[in-house]
Q: 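Below is a structure I'd like to ask you about.
Values below: all heavy atoms of this structure, side chains included; hydrogens, waters and symmetry mates excluded.
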Amino acid sequence: MPSLSKLVLRGTGDPRGDRPISGDRRKTLRQMIAADGGGGGGGGRSLGKAAGAGKNLKRTTPTVLTAYRRSLAGLIDLINSSCLHFIRCIKPNGGQAPNLFTKNDVMLQLRYSGMCTALLLMQAGFPTRISFDDLFERYKGIMPAAIARLKPIVFCEALLVALDLHGGRDFQMGLTKVFFRSGKLQLMDDLTSDSKDSIERVIGKVKKWLARKRFYQAIWAVRSILKFGRLIDGVRALRRFRRAARFHCYMVRTWLPLVGRVRGKLYSDEMLAKRRAEEARAAEEKRAAEEKKREEQERLRREEEEARARAEAEALARAAAERKRVEDERNALLERIAALEATVVKLEGELHAERGAK
């Protein structure tokens, strides 16, 4: 009977393909084997121990279950000792004929099995990942000692920037690992495995990036110190203002009652009454002056209004007299015109009479 590992690795020809065994499924298989008397790498030895546990029991002949268990244990050992890869079996055609490739059938299988979506996810994501320490150990041998002494995270970032890999587009820096897009790690190997001149250019870019980063760090350090100094000055000024405000409030609460008591002792009641009377008289005089000034202004305003009214009345009288004079002159002219017209008519009649007499 063929072993289970050969059966699984050979495949069944199903278009869905064979799925790789995950860690949970391996654990479950190990528990089943252990519960049944078999174990991971020593399936045969565990079975022998289980068979020889009872001295009075006979050694049984191998059965199908025993062979299956041994084959399963061998498959688990093979999986644990190998590097697994994802394999998806696709039927090239519906009739299972050799050397015949049907594009539509293959595309349907890829689409329904999720391979197209998986490829899009792999293209949009960062499927390749490697820790800072591994990347540091991998490339520190080609770098000079000054760069090899850097911290792994700084070394990795400098190397990636020097190889013209764009952060966020080609890779992402994590807490302990670097995440690459597909093919970018191989691109790093190609760029660092070329001639000595290319390695020298990479080293020069790394040094340039380190110098730029240290320069920016120094600038930010100076700006942070200045900003922190301004913040401290502001806090100190606020504290001084609060102390001054508290002192002022204390002086107001303490000295104002004291000044009132001292003033009461220095000025007697008579002097205070006299002073208050003077203040009242001065206020009354000021009020009277303001009232007189207001009355004077009112008088002047009334006189101006009366003068304006008289001027308007005189102007109206003059305008009426002028209109009357113009009317009289007009009437006189009309009368003269009528008299002249009558004279003209009379003279014309006389002239006609004289002509008739002749």
Q: For residues I337 and V344: do they belong to one hydrophobic cluster (side chain heavy atoms under 4.5 Å, members Ile, Leu, Val, Met, Phe, Trp, Tyr)?
A: no
Q: If only atom types and distance count, is the side chain of T254 paired as donor or acceptor with the main-chain N or O of M251 below 3.5 Å?
A: no
Q: Search all heavy atoms of G94 against all heavy atoms of D105 and return the closest pair with its distance.
A: N-OD2, 3.8 Å
Q: So, taking the atom named CD in E137 and the one named CZ in F155, what distance separates them when rounded to the nearest 0.5 Å?
A: 9.5 Å
Q: Report yes or no: does N93 contribute a side-chain atom to a donor-acceptor pair with the main-chain N or O of F101 at less than 3.5 Å?
A: no
Q: How long is the straight-line distance from NZ of K91 back to CD of Q96, given to the nearest 0.5 Å?
A: 4.5 Å
Q: Is the shortest heavy-atom distance from the side chain of L347 to the side chain of E350 under 4.5 Å?
A: yes
Q: Taking C-beta and beyond as the side chain, do R239 and R242 meet within less than 4.5 Å on heavy atoms?
A: no
Q: Under the 3.5 angstrom rule, does the side chain of S131 hit a backbone N or O of D134 as a donor-acceptor pair?
A: yes
Q: Would you call K293 and E296 a side-chain contact if the rule is heavy atoms closer than 4.5 Å?
A: no
Q: Which distance, rounded to the nearest 0.5 Å, do you find between the CD of Q217 and the CG of L210?
A: 9.5 Å
Q: Taking the side chain as C-beta and beyond, is there a heavy-atom pair between T66 and T63 under 4.5 Å?
A: yes
Q: Applying side-chain contact (heavy atoms from CB on, under 4.5 Å) to E278 and R281, what does each step give before you reach the verdict?
A: CA-CA 5 Å; E278 291 178 356; R281 188 172 58 255; 3.5 Å; yes
Q: Is there a side-chain contact between R230 and K227 in this structure, where contact means two heavy atoms from C-beta onward sitting under 4.5 Å apart?
A: yes
Q: Would you please test I232 and R236 for side-chain contact (heavy atoms from CB on, under 4.5 Å) and show each step?
A: CA-CA 6 Å; I232 292 176; R236 288 176 178 173; 3.5 Å; yes
Q: Identify whether the distance between the nearest side-chain nitrogen and carboxylate oxygen of R287 and E284 falls below 4.0 Å.
A: yes
Q: Verify the cluster assignment for L258 and Y250: are they in a single hydrophobic cluster under the rule of side-chain heavy atoms below 4.5 Å apart?
A: yes
Q: Check whether any side-chain N or O of S71 sits under 3.5 Å from a backbone N or O of A67 as a donor-acceptor pair, and report yes or no.
A: no
Q: What distance do I76 atom CD1 and S81 atom OG have between them, rounded to the nearest 0.5 Å?
A: 11.5 Å
Q: Identify whether the distance between the nearest side-chain nitrogen and carboxylate oxygen of R275 and E279 falls below 4.0 Å.
A: yes
Q: Within 45 degrees of the ring normal and closer than 6.0 Å to the centroid, is that where the cationic atom of R212 sits relative to W209?
A: no
Q: To the nearest 0.5 Å, how far apart are CZ in R310 and CZ in R308?
A: 11.5 Å
Q: Stepwise, does the side-chain contact (heavy atoms from CB on, under 4.5 Å) test hold for T102 with V106?
A: CA-CA 6 Å; T102 306; V106 173; 5.6 Å; no
Q: Passes salt bridge (Lys or Arg N to Asp or Glu O under 4.0 Å), E329 versus R325? Steps please.
A: CA-CA 6 Å; E329 291 180 356; R325 184 182 64 78; 2.8 Å; yes
Q: Between E295 and R299, does any side-chain N to carboxylate O distance fall below 4.0 Å?
A: no
Q: Quick one: pull up CG in L72 and CG in L65 and give me the separation to the nearest 0.5 Å.
A: 10.5 Å
Q: State whether the number of non-hydrogen atoms from other residues, nucleotides or ligands found under 6.0 Å of K208 atom NZ is greater than 12.
A: no
Q: Is there side-chain contact between V345 and E341, with at least one heavy-atom pair below 4.5 Å?
A: no
